[in-house]
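Below: the structure, in structure tokens.
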Amino acid sequence: MIVWINGAFGSGKTTAAKQLQQRLPNAFLYDPEQVGFFIRDNLPKDMRLADFQHHPEWRAFNVEMLAKIARSYDGVVIVPMTLVDQLYYDEIIGTLQRDGIRVDHYILHADKRTLVRRLNKRFEWFNSWGKAQIDRCLHAFRHDITHDKIETDHLTVEQAVEEIAERSGLTLLASQRSLFVRAFRS
């Protein structure tokens, strides 16, 4: 099973994915961005595209790797990655699903003000790459890839993770925070 966590930059994808991995026994965190960095770093400058997702090789490699892992790994594969192009979404997630692999896809959604505030906390000031993508992401999540949204403006990461688990029918281990509170109260 694959749990794909989508969302704009600043939505909490990576943070939620890491917490989900910690709270699921035998979970594996897969980062498609690493393939993008490989492509970027191993092509001559004049062959590089502005966004590595535009390289068909990026999409094909990630489909192949995710299919291999999902078919052979006895655990949940967690993928935090922004996908806003409907064709790329279908080429990756749609292909995996058509090949019989369960992919639960969630969009961690927040309004622009929340996303900017979160990116500022990460020291992404002015017009960082992530901030420059917010409008494109929000448009896509309103018009192109619209299903399975989790509104995170007023949720903690823990609450978002619990919502993902509930929707996917996954049983989470107690969070470290919950264990601390229980131990402290005892």
Side-chain angles (χ1 to χ4, degrees), residues 1-43 48-49 51-110 118-119 122 129-130 133 137 140-141 144-145 147-150 152 157-173 175-176:
M1 168 189 196
I2 296 171
V3 174
W4 193 292
I5 303 174
N6 200 348
F9 301 89
S11 64
K13 297 178 304 296
T14 303
T15 305
K18 287 177 181 177
Q19 189 173 118
L20 187 61
Q21 179 189 26
Q22 290 173 356
R23 294 191 59 196
L24 285 173
N26 211 25
F28 177 72
L29 186 63
Y30 177 84
D31 186 358
E33 206 167 42
Q34 295 302 316
V35 177
F37 296 148
F38 174 83
I39 290 170
R40 181 196 63 205
D41 294 344
N42 288 283
L43 282 177
R48 295 178 195 164
L49 301 174
D51 183 338
F52 56 69
Q53 288 189 14
H54 298 324
H55 288 280
E57 299 84 3
W58 180 83
R59 300 185 305 277
F61 184 86
N62 281 305
V63 167
E64 290 298 318
M65 282 300 291
L66 285 166
K68 177 184 178 82
I69 296 167
R71 288 189 178 113
S72 304
Y73 183 67
D74 186 27
V76 177
V77 181
I78 303 163
V79 183
M81 187 73 206
T82 300
L83 271 181
V84 296
D85 186 302
Q86 179 65 47
L87 293 173
Y88 299 171
Y89 173 91
D90 186 59
E91 194 172 336
I92 298 171
I93 293 174
T95 297
L96 292 165
Q97 290 173 333
R98 286 188 294 277
D99 287 347
I101 296 170
R102 179 178 170 187
V103 181
D104 290 3
H105 169 264
Y106 302 102
I107 299 167
L108 298 186
H109 194 264
R118 290 175 182 169
L119 290 172
R122 292 187 347 201
W129 195 86
Q133 306 308 308
C137 291
F141 299 139
D144 303 321
I145 303 168
H147 57 284
D148 296 318
K149 286 183 192 171
I150 298 173
T152 65
V157 174
E158 189 171 279
Q159 290 169 323
V161 166
E162 289 169 356
E163 180 68 22
I164 290 168
E166 182 178 324
R167 290 186 188 191
S168 290
L170 299 170
T171 303
L172 297 174
L173 301 170
S175 73
Q176 295 299 323

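The figures that follow rest on heavy atoms only: side chains count, while hydrogens, waters and symmetry mates do not. Numbers here are sequence positions counted from 1.
W4 places no side-chain N or O within 3.5 Å of a backbone atom of I78 that could act as its donor or acceptor partner. Side chain of R48 to main chain of L43: a donor-acceptor pair is present (N/O by atom type, distance under 3.5 Å, no hydrogens or angles). Looking only at distances, a side-chain donor or acceptor of D51 sits under 3.5 Å from a matching main-chain atom of Q53.
In this structure, CG in D104 is found 7.5 Å from CG in L170, a value given to the nearest 0.5 Å. To the nearest 0.5 Å, atom CD of residue E162 and atom CZ of residue R23 are 5.0 Å apart. How far OH of Y30 is from OH of Y73: 14.5 Å, rounded to the nearest 0.5 Å. One distance of note links CD1 of I2 with CG of L66; it measures 4.5 Å at 0.5 Å rounding. Taken from CZ in F61 to CD1 in I92, the straight-line distance is 12.5 Å, to the nearest 0.5 Å. Atom SG of C137 sits about 11.0 Å away from atom CG of D144, to the nearest 0.5 Å.
A perpendicular orientation is assigned to the rings of H105 and Y89, their planes being inclined by more than 60° (bins at 30° and 60°). Aromatic ring orientation, H109 versus F141: perpendicular (interplanar angle above 60°, classes split at 30° and 60°).
When all heavy atoms are compared, the tightest approach of L108 to A160 is CD2-CB, 4.5 Å. Among all heavy-atom pairs drawn from T171 and L24, the shortest one is O-CD2, 3.6 Å. Closest of all the heavy-atom pairs between D85 and L87 is OD1-N, 2.8 Å. Across I145 and L83, no two heavy atoms sit closer than the pair CD1-O, 3.4 Å. The two residues M1 and S168 make their nearest non-hydrogen contact at CE-CB, 3.5 Å. Among all heavy-atom pairs drawn from E91 and R59, the shortest one is OE1-NE, 2.9 Å.
For D148, the side-chain hydrogen bond (donor to acceptor under 3.5 Å, both in side chains) criterion is met by no residue, not counting sequence neighbours.
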With a cut-off of 3.5 Å and sequence neighbours excluded, list every side-chain donor-acceptor pair involving residues 32-42.
from: Q34; atom 1: NE2; to: D31; atom 2: OD2; distance (Å): 3.4
from: N42; atom 1: ND2; to: F38; atom 2: O; distance (Å): 2.8

With a cut-off of 3.5 Å and sequence neighbours excluded, list every side-chain donor-acceptor pair involving residues 13-22.
from: K13; atom 1: NZ; to: G7; atom 2: O; distance (Å): 3.3
from: K13; atom 1: NZ; to: A8; atom 2: O; distance (Å): 3.2
from: K13; atom 1: NZ; to: T82; atom 2: OG1; distance (Å): 3.1

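One finds a salt bridge joining D90 and R98 here, because a Lys/Arg side-chain nitrogen approaches an Asp/Glu carboxylate oxygen to under 4.0 Å. Salt-bridge formation is detected for the pair R167/E163: a Lys NZ or Arg NE/NH1/NH2 atom is positioned less than 4.0 Å from an Asp or Glu carboxylate oxygen.
For E166, the CD atom counts as loosely surrounded, since its 6.0 Å shell holds 12 or fewer non-hydrogen atoms of other residues, nucleotides or ligands.
Just one residue in the list I164, V161, I107 forms a side-chain contact (heavy atoms from CB on, under 4.5 Å) with I5, and that residue is I164.
In this structure, W58 and Y88 have side chains that are not in contact, with every pair of non-hydrogen atoms separated by 4.5 Å or more. The side-chain heavy atoms of V3 and Y106, taken from C-beta on, include a pair separated by under 4.5 Å. Proximity of V84 to Q133: side-chain heavy atoms (C-beta onward) are nowhere separated by under 4.5 Å.
Side-chain contact, R118 with T152: a donor N or O sits under 3.5 Å from an acceptor N or O.
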